[in-house]
Visitor: 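One structure coming up, written as structure tokens, with questions to follow.
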Amino acid sequence: MTDPVAQLPSELDQLPDRDPEETAEWAASLDAVTKAAGPHRAAYLMRRSLQHAEGAGIALPKLLESDYVNTIPTSAEPEFDGDLEMESKITAWNRWNAAAMVTRGARYGVGGHIATFASAAWLYETGFNHFFRGKEGDGSGDQLYIQGHASPGIYARAFLDGRLSEQQLDNFRQESGGDGLPSYPHPRRLPWLWEFPTVSMGLGPLSAIYQARFNRYLTNRSIKDTSNSHVWAFLGDGEMDEPESTAALALAAREQLDNLTFVINCNLQRLDGPVRANFRVVQELEGAFRGAGWNVIKTLWGNAWDELFQLDTTGALIRRLREVPDAQFQTYATRDVAYIREHFFGAEPALAELAKLLSDAKIAECFYSSRGGHEARKVYAAYRAALEHKGAPTVILAQTVKGYTLGKGFESKNANHQMKKLSVDEFKGMRELLGLPIPDSAFEDGLVPYGHPGADSPEVRYLQERRAALGGPAPARRVHAVALPQPEERAFKALYKGSGKQEMATTMAFVRLVKDLMRDKETGRRWVPIVPDEARTFGMESLFPSAGIYSPLGQTYEPVDRDQLMYYKEAKDGQILNEGITEAGAMADFIAAASSYATHGETMIPFYIFYSMFGWQRTGDQMWQLADQLGKGFIVGATAGRTTLTGEGLQHADGHSHLIASTNPASLNYDPAFAYEIAVIVKDGLRRMYGPEAENVFYYLTVYNEPKQQPAMPEGVEDGIVKGLYRFKEGVPAEADAPRLQLLASGTAIHWALEAQELLAADWGVTADVWSATSWGELRRDALESDEALLRGEERVPYVTQALSGAPGPVLAVSDWMRAVPDSISQWVEQDWSSLGTDGFGLSDTRQGARRHFGVDAESVAVAALAQLARRGEISASKVKEAREKYGM
């Protein structure tokens with residue numbers, strides 16, 4: 001026989017073979033087994049050999065997939081630490097009330113999801129009774145990322161526990177009255193219960209990974225010992241298609257986050273049908289997670305399958321399970337036993353013989369209900385193994401039936417995600433299946449009743465005793481408000497005085513400020529600098545040797561720039577989170593740090609700095625997650641503006657992030673022009689977010705990479721900076737009756753406005769006042785609040801109206817943003833309004849070339865100002881034409 005090893009070129013061909021004859025003997029032995037006992041026996045022996053080698057400590061690559069069986073055999077399951085009968089009763093009540101709540105809500109057309117929790121009930125109940133640590137014990141407790149569509153089941157359990165009333169359940173998805181329940185986990189809407197928003201699918205798994213990592217960060221920096229906290233993320237198998245779901249798997253394995261467990265509910269169905277109709281999603285996920293370095297536990301089959309596996313002496317059953325696609329297995333759960341005998345067991349003679357040994361009842365039990373995720377002992381064994389595994393995160397792939405216990409009209413149906421209610425007859429069937437003592441008379445009003453065994457019932461006492469032993473109710477959000485002291489004034493004063501003749505970009509001004517604030521004795525250690533691999537771009541390399549870049553391993557190598565002053569320093573207690581090229585990961589970092597005041601009772605001050613183009617438009621969904629989670633901190637869009645970043649072009653030129661940011665009610669958006677404005681804004685932000693009357697907001701600042709001389713702060717402008725507008729430089733009329741106007745500019749555009757002010761005065765005898773609009777967004781927010789006050793009968797004038805009241809002439813607003821940004825305040829300005837902006841795609845050019853292209857350079861501003869005055873009849877139209885010719889336009 002030809003040597004098969006020689007026929008397969010591989011990396012082994014590059015390794016020295018010290019004994020080719022012995023190698024050939026091993027290959028010949030494998031050929032002999034294959035010939036005598038078949039390829040399946042040969043494969044079994046090879047896998048046994050690999051398993052033995054691993055146990056002996058021999059380093060070998062791992063197989064990415066195992067057979068379609070449970071990782072933990074029944075014989076190896078630990079003793080169940082609880083009263084299974086009692087927990088079954090509790091789970092039955094929760095199933096009933098979750099379905100009742102959604103069905104009752106269907107009267108008002110508010111919808112809801114029933115099938116997800118029905119499939120995952122035991123996954124949650126086992127955790128609540130045995131594993132999930134609450135916040136009333138030592139440490140911070142566990143962090144639970146609940147699958148969004150399972151929220152009715154969590155509400156049902158809180159109702160059983162006495163934390164929610166029937167009235168609140170009846171107000172599911174009806175929040176406007178003030179006593180309702182949000183559709184999904186929304187901390188901003190129900191802040192005492194929910195901790196983490198998860199229903200924007202994909203963000204839960206990503207955030208869970210970075211939360212587990214941030215827990216380690218707090219410990220390694222000696223902020224708080226989080227070693228007893230475990231992060232549990234409950235996910236759907238369909239959700240794993242989201243790119244964010246698997247984006248950070250390697251990070252979790254690389255940093256050995258054994259404080260993290262993913263529980264993926266593999267009911268084989270997504271929203272419209274099978275997750276992998278022609279394939280097997282469990283096997284696919286196993287390969288992906290194992291390949292990324294995770295510990296994988298498959299919990300697929302219930303105890304009813306044990307008999308089948310014991311009777312399978314030929315391996316035919318294992319082979320058949322390996323080849324049946326998910327959609328077909330879903331079909332088995334809906335067809336009669338005769339169909340299963342023919343189409344599953346009839347696939348080969350050995351299986352047909354095995355089926356003859358099985359009763360119809362046994363086959364029905366196996367294929368209709370007996371899944372690992374529906375049996376408490378199986379789930380308990382998986383959770384226990386996950387907590388005991390060290391050195392890597394764990395994923396549990398638990399197979400379930402979507403819609404389990406809801407009846408044949410729901411179970412395994414493609415449409416069950418969209419089915420919002422059960423009929424009375426279906427509820428009565430469910431009652432019998434679950435063994436609940438609910439009489440027919442309870443249905444007389446046509447509504448399905450809620451069920452409760454009583455506040456002093458054995459079920460409720462058991463539930464509460466289990467939670468008390470684990471540290472209190474869960475999920476739960478707790479805030480221990482501790483105001484941070486204001487940093488010393490000297491850090492801010494450095495920017496108040498300006499840069500003199502030295503030029504400095506506002507990006508550098510911000511970094512300099514934060515560097516000084518990180519030295520503050522009281523609050524310096526609480527700053528969390530976050531950057532996605534652009535620290536040197538933003539001039540942050542000076543922080544490397546002083547603050548250090550966080551790495552749980554420290555620095556295991558000698559950096560190539562070790563002999564330089566600002567060398568690349570990694571440290572186990574490093575303060576900087578330098579994430580690599582992942583804005584999504586950096587944003588997940590930010591969310592974990594921004595909500596640490598609630599999650600861990602430790603207030604942190606994160607600032608996340610990034611290319612402004614790659615922030616809101618790339619990770620805007622996470623910004624809403626941050627707002628929902630009531631996070632606080634500073635988000636900084638650096639190298640901002642459509643024309644300020646020279647040469648980079650269309651996909652780097654941000655002229656719209658302020659427009660996107662303005663849609664988020666929790667985001668306070670500023671576009672500072674000068675270094676001292678940054679100092680004032682940051683100082684006020686620290687007060688508003690971390691002071692005695694802390695608000696649940698976050699800040700978005702845009703800063704620029706264009707070096708400019710930074711002026712000293714004028715007297716008395718702090719209030720205007722915070723509110724969004726103040727007069728920076730008043731024009732001096734050459735003549736008493738000179739035409740006059742107001743130039744409003746934000747960010748780097750103020751320099752074009754100041755130059756235009758000079759051109760207008762010198763060339764055309766026109767006087768212009770220049771205003772710094774530090775925040776178009778805050779001006780609009782204040783104006784909207786004023787409008788709302790009027791509806792309540794309160795007299796209130798918007799700040800922008802007050803500030804510009806009586807200012808002579810029209811108003812011309814200019815920025816490095818699209819015109820919709822400044823135009824957002826136009827209706828509250830009493831003067832004639834016009835604006836200039838950078839609408840359209842960005843392009844590669846010099847700053848001056850790009851600004852002339854968009855018509856926002858100083859000359860363009862001057863011509864636009866003259867045109868405004870001409871329309872009002874204050875100057876002749878010929879001057880506008882003359883100006884266009886003079887400035888080469």
Side-chain angles (χ1 to χ4, degrees), residues 30 33-34 38-78 235 237 240 246 249-250 252-253 258 261-268 275-276 279-303 305-306 308-326 328-329 351 366 370-373 375 377-379 381-386 388-400:
L30 186 62
V33 171
T34 303
H40 301 299
R41 176 62 179 168
Y44 177 82
L45 290 175
M46 288 298 297
R47 291 178 60 187
R48 274 295 189 188
S49 297
L50 289 172
Q51 182 185 50
H52 181 79
E54 183 178 357
I58 300 173
L60 287 172
K62 293 181 180 293
L63 295 175
L64 295 185
E65 286 187 21
S66 60
D67 283 319
Y68 205 62
V69 297
N70 293 347
T71 303
I72 304 171
T74 302
S75 60
E77 291 172 5
L235 316 168
D237 47 1
M240 300 312 294
T246 54
L249 298 186
D258 50 25
T261 297
F262 276 15
V263 181
I264 302 182
N265 179 16
C266 298
N267 55 37
L268 312 185
V275 180
R276 290 291 182 271
F279 305 92
R280 288 156 299 283
V281 70
V282 168
Q283 300 299 85
E284 179 182 316
L285 291 173
E286 179 185 23
F289 277 88
R290 201 182 297 277
W294 287 54
N295 175 45
V296 178
I297 298 173
K298 294 197 293 190
T299 302
L300 307 180
W301 310 114
N303 285 326
W305 283 82
D306 287 349
L308 275 68
F309 290 128
Q310 290 169 3
L311 293 172
D312 179 29
T313 58
T314 66
L317 177 62
I318 300 296
R319 292 195 297 273
R320 183 66 177 137
L321 291 173
R322 191 187 303 150
E323 67 188 20
V324 174
D326 286 352
Q328 185 61 46
F329 216 94
L351 277 177
C366 288
S370 186
R371 302 291 190 276
E375 298 192 8
R377 293 182 184 277
K378 303 292 185 185
V379 177
Y383 287 5
R384 179 63 62 201
E388 291 174 354
H389 185 83
K390 301 302 177 184
T394 293
V395 59
I396 296 170
L397 303 174
Q399 186 165 233
T400 65

Visitor: For the backbone of Cys366 and the side chain of Arg371, can you confirm whether one donor and one acceptor N or O come within less than 3.5 Å of each other?
Guide: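 Between the backbone of Cys366 and the side chain of Arg371 there is a qualifying donor-acceptor contact (under 3.5 Å).
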Visitor: Could you measure the distance from the OG1 atom of Thr314 to the CZ atom of Arg319? Nearest 0.5 Å is fine.
Guide: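 It comes to 5.5 Å.
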Visitor: Drop me the distance from Leu308's CG to Asp312's CG, to the nearest 0.5 angstrom.
Guide: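 Interatomic distance, Leu308 CG to Asp312 CG, rounded to 0.5 Å: 8.5 Å.
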Visitor: Work out which heavy atom in Ala386 is nearest to a heavy atom in Ile396; give both atom names and the distance.
Guide: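 Taking Ala386 first and Ile396 second, the nearest heavy atoms are CB-CD1, 4.2 Å.
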Visitor: Identify the heavy atoms of Ala392 and Gly293 that sit nearest to each other, and give their distance.
Guide: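 Ala392 and Gly293 have their closest heavy atoms at CB-O, 3.6 Å.
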Visitor: Heavy atoms only: give me the nearest Ala253-Pro393 pair and the separation to one decimal.
Guide: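 Closest approach of Ala253 to Pro393: CA-CD, 3.8 Å.
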Visitor: Under 4.5 Å between any side-chain heavy atoms of Thr299 and Thr71, yes or no?
Guide: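 No - every pair of side-chain heavy atoms lies 4.5 Å or more apart.
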Visitor: Using side chain to side chain contact (heavy atoms under 4.5 Å, CB included), reason through Met240 and Thr246 one step at a time and then give a plain yes or no.
Guide: CA-CA 7 Å; Met240 300 312 294; Thr246 54; 4.0 Å; yes
Visitor: A side-chain contact here means heavy atoms from C-beta on lying under 4.5 Å apart; do Leu300 and Lys378 qualify?
Guide: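 The answer is no; the side chains never approach within 4.5 Å.
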Visitor: I need the full list of salt bridge (charged side-chain N to carboxylate O under 4.0 Å, His left out) pairs touching residues 42-51, with sequence neighbours left out, sorted by first then second residue.
Guide: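 Listed by first then second residue: Arg47-Asp67.
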Visitor: Gly373 and Ala398: which non-hydrogen atoms are nearest, and at how many Å?
Guide: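 Closest pair (atom of Gly373, atom of Ala398, distance): CA-CB, 4.3 Å.
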Visitor: Considering only heavy atoms from C-beta outward, does the side chain of Val33 approach that of Leu45 to under 4.5 Å?
Guide: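 Side-chain contact under 4.5 Å: yes.
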Visitor: Measure up the Trp294 and Phe262 rings against each other and bin them: parallel (under 30°), tilted (30 to 60°), perpendicular (over 60°).
Guide: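 Ring orientation, 0 to 90° scale: tilted.
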Visitor: Distance-only, no hydrogens or angles: does the Arg290 side chain make a donor-acceptor pair with backbone N or O of Glu65 under 3.5 Å?
Guide: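 Flag not set: sc Arg290 to bb Glu65 has no pair under 3.5 Å.
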Visitor: Give, for atom CG of Leu311 and atom CG of Asp306, the distance between the pair rounded to the nearest 0.5 Å.
Guide: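 Rounded to the nearest 0.5 Å, the CG-CG separation comes out at 11.0 Å.
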Visitor: Taking Ser66's backbone N and O only, do any of them form a donor-acceptor pair with Gln283's side chain (distance below 3.5 Å, no angle check)?
Guide: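 At least one qualifying donor-acceptor pair exists.
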Visitor: If you look at every heavy atom in Asn303 and Glu375, which pair is closest and at what distance?
Guide: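 Shortest heavy-atom contact: N-OE1, 3.0 Å.
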Visitor: Using a 4.5 Å cut-off on heavy atoms from C-beta on, say whether the side chain of Thr261 contacts that of Tyr383.
Guide: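 When only atoms from C-beta onward are counted, Thr261 and Tyr383 do not touch, as no gap falls below 4.5 Å.
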Visitor: Going from CG on Asp237 to CD on Glu284, what distance comes out if it is rounded to the nearest 0.5 angstrom?
Guide: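 It is 10.5 Å, given to the nearest 0.5 Å.
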Visitor: Can you tell me how far CD1 of Ile264 sits from OG1 of Thr400, rounded to the nearest 0.5 angstrom?
Guide: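 If I round to the nearest 0.5 Å, the distance is 12.0 Å.
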Visitor: State, to 0.1 Å, how close Cys266 and Leu285 come at their nearest heavy-atom pair, and which atoms those are.
Guide: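 In terms of heavy atoms, the two residues are closest at SG-CD1, 4.4 Å.
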Visitor: Only one of Gln399, Glu323, Arg320 forms a side chain to side chain donor-acceptor pair (under 3.5 Å) with Tyr68, so which one is it?
Guide: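 Of Gln399, Glu323, Arg320, side chain to side chain donor-acceptor pair (under 3.5 Å) with Tyr68 is met by Gln399 alone.
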Visitor: I'd like to check Leu317 versus Leu351 (side-chain heavy atoms, cut-off strictly below 4.5 Å). Are they in contact?
Guide: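 Counting from C-beta outward, Leu317 and Leu351 do come under 4.5 Å.
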Visitor: Let's go through Thr74 and Phe309 carefully: what are the C-alpha distance in whole Å and the side-chain angles of both, what is the deciding distance for side chain to side chain contact (heavy atoms under 4.5 Å, CB included) to 0.1 Å, and is it a yes or a no?
Guide: CA-CA 11 Å; Thr74 302; Phe309 290 128; over 6 Å; no
Visitor: Using 0.5 Å steps for rounding, measure from the CZ atom of Arg322 to the CZ atom of Arg280.
Guide: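 Output value for this atom pair is 9.5 Å.
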Visitor: Does a side-chain heavy-atom distance below 4.5 Å link Ile318 with Tyr44?
Guide: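 With C-beta onward as the side chain, the pair stays apart.
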Visitor: Give a yes or no answer on whether the side chain of Glu286 reaches the backbone of Lys298 with a donor-acceptor pair at less than 3.5 Å.
Guide: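 Side chain of Glu286 to backbone of Lys298, a donor-acceptor pair under 3.5 Å: no, none is there.
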Visitor: Would Trp301 and Phe329 count as a close aromatic pair, with their ring centres under 6.0 Å?
Guide: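 Yes; Phe329 has its ring centre under 6.0 Å from that of Trp301.
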Visitor: Say whether, by atom type as modelled, one donor and one acceptor occur between the side chain of Asp326 and the main chain of Val281 under 3.5 angstrom.
Guide: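 Yes, Asp326 side chain to Val281 backbone: donor-acceptor pair under 3.5 Å.
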